[in-house]
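Read the numbers this way: they start at 1 and go in the same order the structure lists the ligands and their atoms.
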Amino acid sequence: MRKIINPSQEQWAELVKRPAKNLEELEAGILETFKQVRERGDAALLELAKKYDGVQLEQLLVTQEEITAAEASLTVELKEAILQAYSNIQVFHTHQAEPMHQIETMPGVTCWRKSVAIEKVGLYIPGGTAPLFSTLLMLGVPARIAGCRELVLCTPPSKDGTVHPAILYTASLLGVTRVVKAGGAQAIAAMAYGTQSVPAVYKIFGPGNQYVTVAKQLVSKAGVAIDLPAGPSEVLVIADESANPAFVAADLLSQAEHGPDSQVVLLTNSEVFLDRVEAELEAQLAVLPREDFASKALGNSLGLVFDSIAEMLDFSNLYAPEHLILSILNFEEALDSIVNAGSVFLGNYSPESAGDYASGTNHTLPTNGYARAYSGVSLDSFVKKITFQHITPEGLQNIGGTIETMAAAEGLEAHKNAVSIRLKEVNRV
Ligand SMILES: NC(=O)c1ccc[n+]([C@@H]2O[C@H](COP(=O)([O-])OP(=O)(O)OC[C@H]3O[C@@H](n4cnc5c(N)ncnc54)[C@H](O)[C@@H]3O)[C@@H](O)[C@H]2O)c1
Ligand SMILES: N[C@H](CO)Cc1c[nH]c[nH+]1
Ligand SMILES: [Zn+2]
């Protein structure tokens, strides 16, 4: 962890940059993958699974037998945990539905907006370093609440050609239409362009590593929608001396273990506290099974000491973390100052893992500073909002003049005439 005491304002711009691969090289490789998938469809997916996932697949689609066997192999404890998380995510996301209001903007002019489900959605479930079946709940539950009809799931196969049973169990709970053994940029291309086995979808959802995230951003230029850039996980903790160094270290490691390109950041107003957290990091890291990823991620990470909580909040807003943890005594006083963050965890007993799995909030969140402008996945992500309007003859008499004047000022006579021709008739009657 890189340690800096009172970083200057000039250093801030540098410090908020995430560890990232060379974008041009990444894009060139991904575009080549897209070309192969577009030209050769399933054959390219099978070849790329061998190249990147190290497995010679016999077929891309998961069979019903595989799903049945997966269900039977899970413990009751894990199934119950999945069902509890499902229920909390469902409750939280169901409450995001907006009531539909019909608004009369002028007498006789009525407007309203209706949420309509996106019919075909693609769900990318990461599987390179860990089988994130929790991500399937985060995407599948709101998709089902919204009423999406077709759910296509892509996830990288493991080396023996299987998909983790908890992913298959969750897919079955959600009634996923098709589960495809494909990961990385090739999976994104398949869902965007379609192949013999993978139907093209209208919007692609889901987090992933830098290959997946850049691939999503590239296909979004080609006409398919995406949810948001949700790349390597990150957490920023703001802690004062009221915080528990062991808890803070545990939270930092929880995101560091996602992979070597993750970044974790600690901001504190006490150098002594920072030293205590560093000692805890060392002790806890030594017993982590994913020590290799976590220690690489810690190598990218920052421990910064500031004079005041206000300054830490300013830095955090510039950094715009995916996850923000406020482990400070008076966290309520800080809430109004948070303007850029994906999801926020308050006090000493709200571990970030709660949001990852089961509290009910969505864990598919903007990374790499995108929380300055993007929200995480929500029910809204799975619907389009279609607006409607109905104008009565009296309504047209009320609003017609305004439209005619504006259309004439833009020099668009046909627009003006679409009103005038009607007004003539209305005024004649
Ligand atoms: N922001 C969020 O909301 C959020 C949520 C969950 C997970 N995540 C992040 O998702 C990521 C998951 O990454 P992952 O790697 O475990 O799984 P992944 O499924 O995203 O990526 C695995 C795929 O990457 C491709 N790949 C790997 N090396 C490659 C190479 N050299 N060239 C081309 N393609 C290559 C392969 O096709 C492989 O199937 C982690 O970084 C994690 O932090 C983010
Ligand atoms: N922390 C990840 C989002 O950045 C989500 C996740 C899934 N499983 C564990 N964690
Ligand atoms: Zn996590």
Side-chain angles (χ1 to χ4, degrees), residues 18-21 25-34 36-37 44-45 47-55 57 85 123-139 153-159 163-164 166-167 180-190 205-216 227-235 250-264 290 293-294 296-297 300 321-323 342-343 345 351-358 361-371 374-377 381:
R18 311 313 202 255
K21 297 191 194 309
E25 277 172 29
L26 254 183
E27 287 188 350
I30 291 169
L31 289 172
E32 176 52 34
T33 296
F34 285 4
Q36 291 185 36
V37 175
L45 292 180
E47 216 173 276
L48 292 162
K50 179 134 180 49
K51 182 172 177 187
Y52 292 123
D53 304 309
V55 55
L57 294 172
L123 314 181
Y124 184 83
I125 304 304
T129 53
L132 299 188
F133 59 87
S134 53
T135 302
L136 181 49
L137 289 171
M138 298 296 168
L139 304 179
L153 187 167
C154 283
T155 192
S158 48
K159 295 233 174 327
V163 170
H164 193 280
I167 295 184
V180 186
K181 296 177 185 176
Q186 56 276 22
I188 302 304
F205 294 78
N209 60 20
Q210 294 184 54
Y211 299 99
V212 170
T213 307
V214 173
K216 277 170 57 190
D227 51 356
L228 65 139
S233 302
E234 51 194 43
V235 62
D251 287 335
L252 294 171
L253 287 172
S254 79
Q255 295 313 286
E257 80 170 343
H258 272 294
D261 42 9
S262 277
Q263 188 177 57
V264 299
R290 300 166 68 87
F293 288 151
K296 280 201 185 114
N300 303 324
E322 178 193 12
H323 306 106
S343 195
F345 299 78
E352 192 277 339
S353 302
D356 277 354
Y357 292 102
T361 60
N362 207 290
H363 82 204
T364 307
L365 296 165
T367 55
N368 198 14
Y370 281 107
Y374 280 89
S375 319
V377 162
S381 314

How far is atom 19 (O) of ligand 1 from its nearest protein heavy atom, and which residue and atom name does that atom have? Tyr124 OH, 2.6 Å

Candidates Ser134, Gly208, Ser262, Ala187; heavy atom nearest atom 11 (C) of ligand 1 found on Gly208

Looking only at heavy atoms, is any part of Thr33 under 4.0 Å from ligand 1, and if so is it the side chain, the backbone, or both, or is it neither? neither

So, His258 and the Zn ion (ligand 3): N/O/S under 2.8 Å, yes or no? yes

Using a 4.0 Å cut-off to any heavy atom of Pro156, which atoms of ligand 1 qualify? 19 (O), 39 (O)

Only heavy atoms count here, so choose which of Thr129, Asp261, Ile188 is nearest to atom 16 (O) of ligand 1. Thr129

Nearest non-hydrogen partners of Gly231 and Thr213, listed with the distance: CA-OG1, 3.3 Å

Please state which protein non-hydrogen atom is closest to atom 10 (N) of ligand 2 and give its distance, to 0.1 Å? Asp356 OD2, 2.9 Å

Carboxylate-amine/guanidinium proximity below 4.0 Å for Lys216 and Asp227: yes

Within the structure, is a non-hydrogen atom of His323 found at a distance of less than 4.0 Å from ligand 2? yes

Starting from atom 3 (C) of ligand 2, find the nearest protein heavy-atom neighbour and note its residue, name and distance. Glu322 OE2, 3.3 Å

Contact atoms of ligand 2, heavy-atom distance to His258 under 4.0 Å: 1 (N), 2 (C), 6 (C), 9 (C), 10 (N)

Does ligand 1 have an atom that lies less than 4.0 angstrom from a heavy atom of Gly127? yes

